[in-house]
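First comes the structure, then the notes that go with it.
Residue numbers run from 1 in the order of the sequence given. Being a predicted model, the structure only gives us computed values, none of them experimental. Hydrogens, waters and symmetry mates play no part in the numbers below; they use all other heavy atoms, side chains included.
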Amino acid sequence: MEEYRQMAIKALENQKGDDSYRAKMAFKNKTPEQMQQQYGQSGETCRSILDGYLQRDEKIDRAIACLRSV
């Protein structure tokens, strides 16, 4: 059972990736006003992109914590 739990944790960690880190680096010098502007052809603002990545990371972190507590 432990082997499968560790496998699931590893899969979740891999899912997390580095998207939020890369978005933070890409947007780090933007003003609050610039963060509200659309980013490229994405149809989303810089803020919504970053927030989406951070929310996904938070969900993954909670799932990992749940698996570790079992």
Side-chain angles (χ1 to χ4, degrees):
M1 182 64 119
E2 178 63 20
E3 177 184 355
Y4 298 118
R5 187 169 64 92
Q6 290 303 319
M7 185 184 302
I9 290 170
K10 181 73 171 171
L12 285 166
E13 289 172 342
N14 289 338
Q15 169 100 26
K16 193 170 175 181
D18 65 347
D19 291 330
S20 61
Y21 173 79
R22 288 186 297 114
K24 284 179 189 177
M25 292 299 104
F27 304 149
K28 70 180 176 182
N29 294 320
K30 292 194 178 289
T31 65
E33 293 79 23
Q34 290 171 322
M35 288 296 288
Q36 298 305 320
Q37 296 173 354
Q38 181 174 319
Y39 184 70
Q41 301 298 318
S42 69
E44 294 184 66
T45 65
C46 298
R47 172 58 41 206
S48 66
I49 291 169
L50 180 58
D51 287 348
Y53 289 142
L54 293 174
Q55 288 170 4
R56 186 190 68 194
D57 287 354
E58 186 178 314
K59 285 180 183 178
I60 292 171
D61 288 341
R62 283 187 293 206
I64 291 170
C66 285
L67 286 171
R68 286 190 171 141
S69 70
V70 175

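A heavy-atom distance below 4.5 Å is found between the side chains of Ile9 and Arg68.
Distance check, rounded to the nearest 0.5 Å: SG of Cys66 to CG of Asp61 gives 11.0 Å. Between the CD atom in Glu13 and the CD1 atom in Ile64 there is a gap of 4.5 Å [rounded to 0.5 Å]. Distance check: Leu54 CG to Lys59 NZ gives 12.5 Å after rounding to the nearest 0.5 Å. Within the model, atoms CD1 of Ile60 and CG of Asn14 stand 10.0 Å from one another, a figure rounded to the nearest 0.5 Å. In this structure, CG on Asp51 lies 13.0 Å from CZ on Arg56, to the nearest 0.5 angstrom. Atoms OG and CD, on Ser48 and Gln38 in that order, are 9.0 Å from each other to the nearest 0.5 Å.
With salt bridges taken as basic N to acidic carboxylate O contacts below 4.0 Å, none links Glu3 and Lys10.
Qualifying side-chain contact (heavy atoms from CB on, under 4.5 Å) partners for Glu2, counting only residues two or more places apart in sequence or in other chains: Arg5, Gln6. Residues that satisfy the side-chain contact (heavy atoms from CB on, under 4.5 Å) test with Gln37, not counting sequence neighbours, are Gln34. With sequence neighbours left out, Asp57 forms a side-chain contact (heavy atoms from CB on, under 4.5 Å) with Lys16, Ser20.
Under a cut-off of 6.0 angstrom, the local environment of CD in Gln15 is sparse, with at most 12 non-hydrogen atoms contributed by other residues, nucleotides or ligands.
Among residue pairs with one or both ends in residues 4-37, those qualifying as ring pair (Phe, Tyr, Trp, His ring centres under 6.0 Å) are Phe27-Tyr39; sequence neighbours excluded. Applying the salt bridge (Lys or Arg N to Asp or Glu O under 4.0 Å) rule to pairs touching residues 27-45 yields nothing, sequence neighbours excluded. Sorted pairs that involve residues 40-70 and meet ring pair (Phe, Tyr, Trp, His ring centres under 6.0 Å), not counting sequence neighbours, are lacking altogether.
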